[in-house]
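Since this is a predicted model, take the numbers as computed values, not measurements.
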Amino acid sequence: MTAPGAAEASEAAVEVAERRLHPVTPLRRAWAPVAVLIGWAVHDPDGAQRHLTRLTTTTLLIGLAVLVPAAALYGFCSWWFTHFAVTESDLRIRTGLVFRRTAHIRLERIQAIDITQPLLARVAGVSKLKIDVIGTDKKDELAFLGADEARTLRAELLARAAGFAPETAHEVGEAPSRRLLRVPPGVLALSLVLTGATWVSVAAALVVPPVLWLFTHSLWTVLAVALPLLGAAGASSVGRFVAEYDWTVGESPDGLRIDHGLLDRTHETVPPGRVQTVRIVEPLLWRRRGWVRVELDVAGSSNSVLVPVAPRELAEDVVARVLPGVSVPEPAALAPAPRGARWCVPLWWRGYGLAVTDAVFASRSGLLRRSLALVPHAKVQSVRMTQGPWERARGVADVCVDTGANKTVRARLREAGEARELLAAQAERSRTGRRDARPDRWMA
C-alpha cells in the first residue's frame, strides 16, 4: 500500500519527466565551432589568408584532428544537457552545461506552434518545433524532434493550452483540417513576374553595377554593391517562389493552418482570435486578373502572410475565417479623401479611403499598389488624431489606430471635423468591442 504523499510525489515525478531531443541533433550543433571559424575568416579575409599560407600539411592535419573531435564533443554535450518537459501548466526547456538556462513557457501564453523542416531535416526525418509566446519577440524552439514526435507534442501542447486535462491531452490528438485553398505553382510564378518590386530589383542588379564600373573602375566597389543587389533580386523572385511554393491554407479548430515551402517545408498556424490586422494588397498588374495578396499582423507571432496570391473571392472567404463576422467593404463603400487633400499629397491622395463598419476599421492606401487594412474594433489599443502644419492649413487630419501587434493603421487626409468625430466614436467602438469579444482560446 502506498502512502498518499508518496503517490502524489510519484505522480509529480511522472508529470515532469524530462525528455531529450532527437539523437541527430548533435550533428546539427557540431557545426557551431566551424561556423565561428568561418565567421572570423569572412570578417578578416586578409588575416585568414596569411594564416592559411603559413600552414603546412602536417599542421593542417593536426588542426583538423583537434577541430573535428572538439566540434563533435560540443555537439554531443549541447544535446546531452538539453532537456524539455511538459507539466500541467507550462513547457520547460533546460539547456546549457556551464551557463544554465531554464525557460518556463506558460501554456496559456502560447501564441502559435509551428513545425519547420529544413531540407536536410526532411531527409533525416526530423522537425523543428517553434513556439511563439505572447509578450516576447524571440521564439523558443525544440530542434530537432522526430517528425511524428513533433506533431504529437504540438497536439498535446495545444490541447493543454485549450484547457484539456493532462490525462486527456494525449488522447485529443491533432485536430482535423479542411483545405480552404491551394496556390498552384504556375499562378505563384506568374504573380511574381507581374510584381513591380521583382522587376525593380532585377533591373537595379543589372544596371547599377555596370554604371559603377564606368565611373569608378573599382572591382571591389562594384562587388560591394552588386552582391547585395543580386541577393535582393533573388529574394524577391526565386527566394519567394521557393518559400511560398505549394502554399496551402486549411481550417481546423486550433486555427488556420498554413503549409508551404519547396526546400524547407513549414507548417504554421494562425491562432484563433488573435489576429490584430488583415491587409488585402492589390498590385497594379494583378487587378486585371482579380488577384490579391493577404497579409496579417499577429501579436507575438512572426506569421505575416496568409495568402500569397489568390482570386479576391477566395481570399475574402479566408479573411472571413480568420476574422469571424467580418465582411470586406466594397470599394464603393470606402469614402475617398476630400478634394482639398490634393494639395497635401498630389495625385496619391486619390488612393486613400475609409470605411467604418460595426466590426472593423477599414483604411485604404496606395495608388499603384493598393492596400486595404482591416482592424477589428476589439483589437484597437489606442486611437489618436495627428495634424501637421500643412494639413492644418488645408483642414484635414490623420486618424491613427494602434493594435496589439505594435503596428499602426492610419486613415490619411480626413476632414478635420470628421476626424474629431471619428476619434471619439472609435474609442467607444473599441471599448464595446473588447467587452463583447470572444475569448482567445485554442480550440474554443
Side-chain angles (χ1 to χ4, degrees), residues 28 111-132 137-139 141 143-144 147 150-151 154 177 179-202 204-205 227-250 255-271 275 277-283 285-286 289 291-298 300-311 314-315 318-319 322 369 371 405:
R28 172 233 186 190
Q111 182 75 16
I113 304 178
D114 302 330
I115 297 177
T116 62
Q117 284 186 298
L119 180 59
L120 294 180
R122 292 171 65 184
V123 174
V126 296
S127 301
K128 181 187 299 185
L129 206 67
K130 292 187 175 181
I131 304 168
D132 280 330
D137 296 328
K138 180 183 177 182
K139 282 188 176 184
E141 66 178 32
F144 288 93
R151 286 193 295 268
R154 177 188 181 277
S177 176
R179 180 192 287 185
L180 294 179
L181 67 85
R182 176 181 176 271
V183 179
V187 173
L188 177 61
L190 183 57
S191 70
L192 295 175
V193 171
L194 297 178
T195 300
T198 301
W199 289 107
V200 169
S201 58
V202 171
L227 292 179
L229 289 177
L230 289 173
S236 64
S237 55
V238 178
R240 274 185 56 180
F241 180 83
V242 170
E244 298 175 356
Y245 179 83
D246 193 29
W247 192 285
T248 306
V249 180
L256 292 186
R257 294 184 186 168
I258 302 174
D259 299 327
H260 61 93
L262 178 60
L263 301 179
D264 297 349
R265 195 69 183 165
T266 302
H267 309 271
E268 301 175 340
T269 303
V270 178
V275 175
T277 307
V278 171
R279 286 181 300 278
I280 300 177
V281 181
E282 193 177 17
L285 298 179
W286 289 15
R289 298 178 175 271
W291 292 346
V292 296
R293 176 181 175 90
V294 183
E295 302 173 347
L296 43 75
D297 296 327
V298 181
S301 175
S302 61
N303 296 334
S304 60
V305 179
L306 182 59
V307 180
V309 57
L314 286 178
V318 175
V319 171
V322 78
R369 185 179 185 270
S371 176

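Between the side chain of Arg265 and the backbone N or O of Gly261 there is at least one donor-acceptor pair closer than 3.5 Å.
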Candidate pair Ile131 and Glu141, rule side-chain contact (heavy atoms from CB on, under 4.5 Å), full reasoning: CA-CA 6 Å; Ile131 304 168; Glu141 66 178 32; over 6 Å; no
Stepwise salt bridge (Lys or Arg N to Asp or Glu O under 4.0 Å) check, Arg369 with Glu295: CA-CA 14 Å; Arg369 185 179 185 270; Glu295 302 173 347; 3.8 Å; yes
Candidate pair Val270 and Leu306, rule side-chain contact (heavy atoms from CB on, under 4.5 Å), full reasoning: CA-CA 8 Å; Val270 178; Leu306 182 59; 4.0 Å; yes
Stepwise side-chain contact (heavy atoms from CB on, under 4.5 Å) check, Val298 with Leu296: CA-CA 7 Å; Val298 181; Leu296 43 75; 3.6 Å; yes
side-chain contact (heavy atoms from CB on, under 4.5 Å) assessment of Leu194 paired with Ser191: CA-CA 5 Å; Leu194 297 178; Ser191 70; 5.8 Å; no
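Inter-residue side-chain proximity for Val292 and Val281 is flagged as unmet; no heavy-atom pair is nearer than 4.5 Å. Using a 4.5 Å heavy-atom threshold, the side chains of Asp132 and Asp114 count as touching. Residues Tyr245 and Pro308 are not in side-chain contact: their nearest non-hydrogen atoms beyond the backbone lie 4.5 Å or more apart. Proximity of Leu256 to Thr269: side-chain heavy atoms (C-beta onward) are nowhere separated by under 4.5 Å. The closest side-chain heavy-atom distance from Ser237 to Thr198 is below 4.5 Å. Contact of the Thr116 side chain with the Lys130 side chain is registered, since non-hydrogen atoms from C-beta on lie closer than 4.5 Å. Residues Leu314 and Trp291 are not in side-chain contact: their nearest non-hydrogen atoms beyond the backbone lie 4.5 Å or more apart. Asp259 has its side chain out of reach of Thr266: every pair of non-hydrogen atoms, C-beta onward, lies at least 4.5 Å apart.
Summarising the geometry, atom OG belonging to Ser304 is positioned 8.0 Å from atom CD belonging to Glu268; distances are rounded to the nearest 0.5 Å.
Here the closest heavy-atom approach between residue Arg154 and residue Ile113 is recorded as NE-O, 3.1 Å. Of all non-hydrogen atoms in Val305 and Ile258, the two that sit nearest each other are O-CD1, 3.7 Å. The minimum heavy-atom distance between Leu229 and Ala204, with the atom names listed, is CD1-O, 3.6 Å. In terms of heavy atoms, Ala233 sits closest to Ser201 at CA-OG, 3.6 Å. In this structure, Phe144 and Pro118 approach most closely via the heavy-atom pair CE2-CD, 4.3 Å.
Other residues, nucleotides and ligands contribute more than 12 heavy atoms inside 6.0 Å of the CZ atom of Arg122.
Aromatic ring pairs are classed by plane angle as parallel below 30°, tilted from 30° to 60° and perpendicular above 60°; the pair His260 and Trp247 is parallel.
Judged by distance alone, the side chains of Thr248 and Arg257 never bring a donor and an acceptor atom under 3.5 Å apart. Judged purely by distance below 3.5 Å, without hydrogens or angles, the side chains of Gln117 and Ser127 pair a donor atom with an acceptor atom.
For the side chain to side chain contact (heavy atoms under 4.5 Å, CB included) test with Asp297, the passing option among Val278, Thr277, Val275 is Thr277; the others fail.
For Arg289 and Trp286, the positive end is not near the middle of the six-membered ring at less than 6.0 Å and at most 45° from its axis.
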